[in-house]
Amino acid sequence: MINKFDSVLLAQKKFIYHYKNMRWAKGRHETYLCFVVKRRVGPNSLSFDFGHLRNRSGCHVELLFLRYLEAGALCPGLWGYGTPDSVGLCYSVTWFCSWSPCSDCSYRLAQFLSQTPNLRLRIYVSRLYFCDLEDSSAREGLRMLQRAGVQITVMNYEDYFYCWQTFVACRQRVFKAWDGLHQNSVQLARKLKDILQPGEAEDWRDAFELLGL
DNA sequence: ATTTTCAAT
């Protein structure tokens, strides 16, 4: 279960470098995905697996995660075949990604999830990937994911703190926020809200138009 | 004001 990942825990410097939520995140030509898998059988919900992944050789990290799922590695019995025990088996996956998914990954994730109603996915993101233009396909992809039942959230201080405790070789060192963490998170959360509630933004545009602004 | 982005050299 462990060998397929780089290592179980992420180095402190790596975590900070890749998850820093500054607006100009120069040179981050890698994306990290920290995940927790929980498994529910009947009334019992238990943490089942956790770890982190990094994109590899032209494959976005989300698709790598999907590959593991399809291989039955992370959520065994997800499709109900296999043992009789797997009937009524539910998984919930929470992941924390340094970038939000691109449009293609969003599309493929949504497609995958439509075939696995017993899998719940929650996505936390540190930065928004190619979401500056209002009509960007990445934005549309995020809305598609939302329609597919995925909860998408911008990471805040508590989320970074949790990740530090859970996925990083922190050696009991307490997570120390970088400059602007909170401010950037608030700003990105506002932006994501605009992306996921396009109706409201349009209403504003209409209002401005009516006022001749 | 402008800067970047799951690289490509």
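Reminder, nothing fancy here: chain letters follow the sequence lines and each chain counts from 1.
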**Message:** From CG of A:Leu63 over to P of B:dC6, roughly how many Å is that when rounded to an integer?
**Reply:** 14 Å
**CZ (A:Phe112) with more than 12 external heavy atoms under 6.0 Å** = yes
**Message:** Here's one to test your reading of the geometry: is the NZ or CZ of A:Arg39 within 45 degrees of the ring axis of A:Phe48 and under 6.0 Å from its centre?
**Reply:** yes
**Request:** Rounded to whole angstrom, note down the C1' distance from B:dT4 over to B:dA8.
**Result:** 16 Å
**Message:** Is the base of B:dC6 stacked against the aromatic ring of A:Tyr129, taking ring centres under 5.5 Å apart and planes under 30° as the test?
**Reply:** no
**Asked** Phosphate oxygens OP1/OP2 of B:dC6: is one of them under 4.0 Å from a side-chain N or O of A:Tyr32?
**Response** no
**Asked** Looking only at side-chain N and O atoms, does A:His29 come under 4.0 Å of OP1 or OP2 in B:dA8?
**Response** no
**Asked** What's the NE2-C1' distance between A:His52 and B:dC6, to the nearest Å?
**Response** 15 Å
**Message:** For the P atoms, the ones on B:dT5 and on B:dT9, what distance do you get once it is rounded to whole angstrom?
**Reply:** 15 Å
**Asked** What's the OH-P distance between A:Tyr19 and B:dC6, to the nearest Å?
**Response** 15 Å
**Prompt:** Can you tell me how far C1' of B:dT5 sits from NE2 of A:His60, to the nearest Å?
**Reply:** 10 Å
**Request:** Rounded off to whole Å, could you give me the CG-to-P distance for the A:Asp132 and B:dT3 pair?
**Result:** 11 Å
**Contacts of type side-chain hydrogen bond (donor to acceptor under 3.5 Å, both in side chains), residue A:Lys176, not counting sequence neighbours** = none
**Fill in**
When rounded to whole Å, the OH to P distance for the pair A:Tyr107 and B:dC6 reads 23 Å
**Message:** Over all strands shown, is A:Arg28 touching base, sugar-phosphate only, or nothing at heavy-atom distances under 4.0 angstrom?
**Reply:** sugar-phosphate
**Message:** Could you list the cluster mates of A:Phe130? Members are the ILVMFWY residues connected by side-chain heavy atoms closer than 4.5 Å, either directly or through other members.
**Reply:** A:Trp99, A:Tyr129
**Prompt:** Rounded to the nearest Å, what distance is computed from the CE atom of residue A:Met22 to the C1' atom of nucleotide B:dT5?
**Reply:** 13 Å
**Message:** When you measure from the side chain of A:Arg127 to the backbone of A:Lys20, do you find a donor-acceptor pair of N or O atoms at a distance under 3.5 Å?
**Reply:** yes
**Message:** Using a distance-only criterion (donor-acceptor N/O pair, under 3.5 Å, no hydrogens), is the base of B:dT4 paired with the side chain of A:Trp24?
**Reply:** no
**Asked** Which is true for A:Ser100 with a 4.0 Å heavy-atom rule: it touches a base, it touches only sugar-phosphate, or it touches nothing?
**Response** base
**Asked** Whole-Å distance between B:dC6 C1' and A:Phe130 CZ?
**Response** 10 Å
